[in-house]
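The structure under discussion appears below in the form of structure tokens.
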Amino acid sequence: MKNLMIRPITEGDILPHDLLLSADPSEEAIEQYLPYSTLYLAHLNDLPVAEYVLYPHNTEDIEIKNIAVDDAFQGRGIGKALLEDAVQRAIDDGYKCLLIGTSNASVGQLYLYQRQGFEISSIKMNFFTDNYPTPLYENGIQCRHMLMLTKVLKP
Ligand code: ACO
């Protein structure tokens, strides 16, 4: 996408709390994975509009733990551009698999991730009902299970 600049967060940047929470409503979970991850910020014409977080599991597998685009900028291809960027960075860093997880109710996200070549690889049953204090809903469906999707990377 033209004019979209994606780069790792640096010391002078403000942490995009609202974006992080829009993808993952658990502040506690974010605090657990963020120190071990790299957060990438996307700027459109110098305006911060999106972020994603890469968390390495080991030398072969790395996961997009959090991905979000500002409401006002959704539906313009930025999410797709973030996923492409994550794939390229994971390939450049020598990883074999890129993972991403989303809920059973996240119909749009499941569409986007599968269109970008991710395949459902496992299901963490009752992940949301066991780990989140209040019930979460998307598209009128309760978020109960975490669907993990994997993209096998080809250098
Ligand atoms: N509902 C329906 N369709 C969607 C949705 C959605 N929520 N998100 C993306 N799509 C579709 C688009 O229609 C588009 O389809 P097309 O290529 O056939 O035209 C395609 O996916 C690409 O869409 P983009 O414009 O690239 O996606 P966008 O910039 O809107 O970003 C994102 C997608 C990141 C999911 C955004 O909607 C968002 O920030 N949502 C709120 C936070 C969130 O749910 N994050 C993901 C949680 S899971 C995790 O973080 C690991």
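No experiment lies behind these values; they were computed from the predicted model shown. We count ligands from 1, going down the list as the structure has it; atoms in each ligand are counted the same way.
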**Request:** Check whether the ring centres of Tyr55 and Tyr33 lie less than 6.0 Å apart, and answer yes or no.
**Result:** no

**Message:** Quick check: closest heavy atoms across Ile6 and Ala42, and the distance to 0.1 Å?
**Reply:** CG1-CB, 4.0 Å

Show the short N or O contacts, below 3.5 Å, that ligand 1 makes with protein N or O atoms; if there are none, say 'none'.
from	atom 1	to	atom 2	distance (Å)
ligand 1	18 (O)	Tyr111	OH	2.5
ligand 1	18 (O)	Arg115	NH1	3.3
ligand 1	25 (O)	Gly75	N	3.4
ligand 1	25 (O)	Arg76	N	3.2
ligand 1	25 (O)	Gly77	N	2.8
ligand 1	26 (O)	Gly79	N	3.3
ligand 1	26 (O)	Lys80	N	2.8
ligand 1	29 (O)	Gly79	N	2.8
ligand 1	30 (O)	Gly75	N	2.9
ligand 1	37 (O)	Gln74	OE1	3.4
ligand 1	39 (O)	Val69	N	2.8
ligand 1	39 (O)	Val69	O	3.4
ligand 1	39 (O)	Gln74	NE2	3.3
ligand 1	44 (O)	Gln109	NE2	2.7
ligand 1	45 (N)	Ile67	O	2.8
ligand 1	50 (O)	Ile67	N	3.0

**Prompt:** Should the pair Tyr132 and Phe128 be assigned to parallel (<30°), tilted (30 to 60°) or perpendicular (>60°) ring geometry?
**Reply:** tilted

**Message:** Check this for me, if you would: do Asp85 and Arg89 make a salt bridge, where the nitrogen-to-carboxylate-oxygen distance has to be below 4.0 angstrom?
**Reply:** yes

**Request:** List for me each residue that meets ring-ring contact (aromatic ring centres under 6.0 Å, His included) alongside Phe118, sequence neighbours excluded, and say none if there are none.
**Result:** none

**Prompt:** Just by distance, do the side chain of Asn139 and the backbone of Ala105 share a donor-acceptor pair under 3.5 Å?
**Reply:** yes

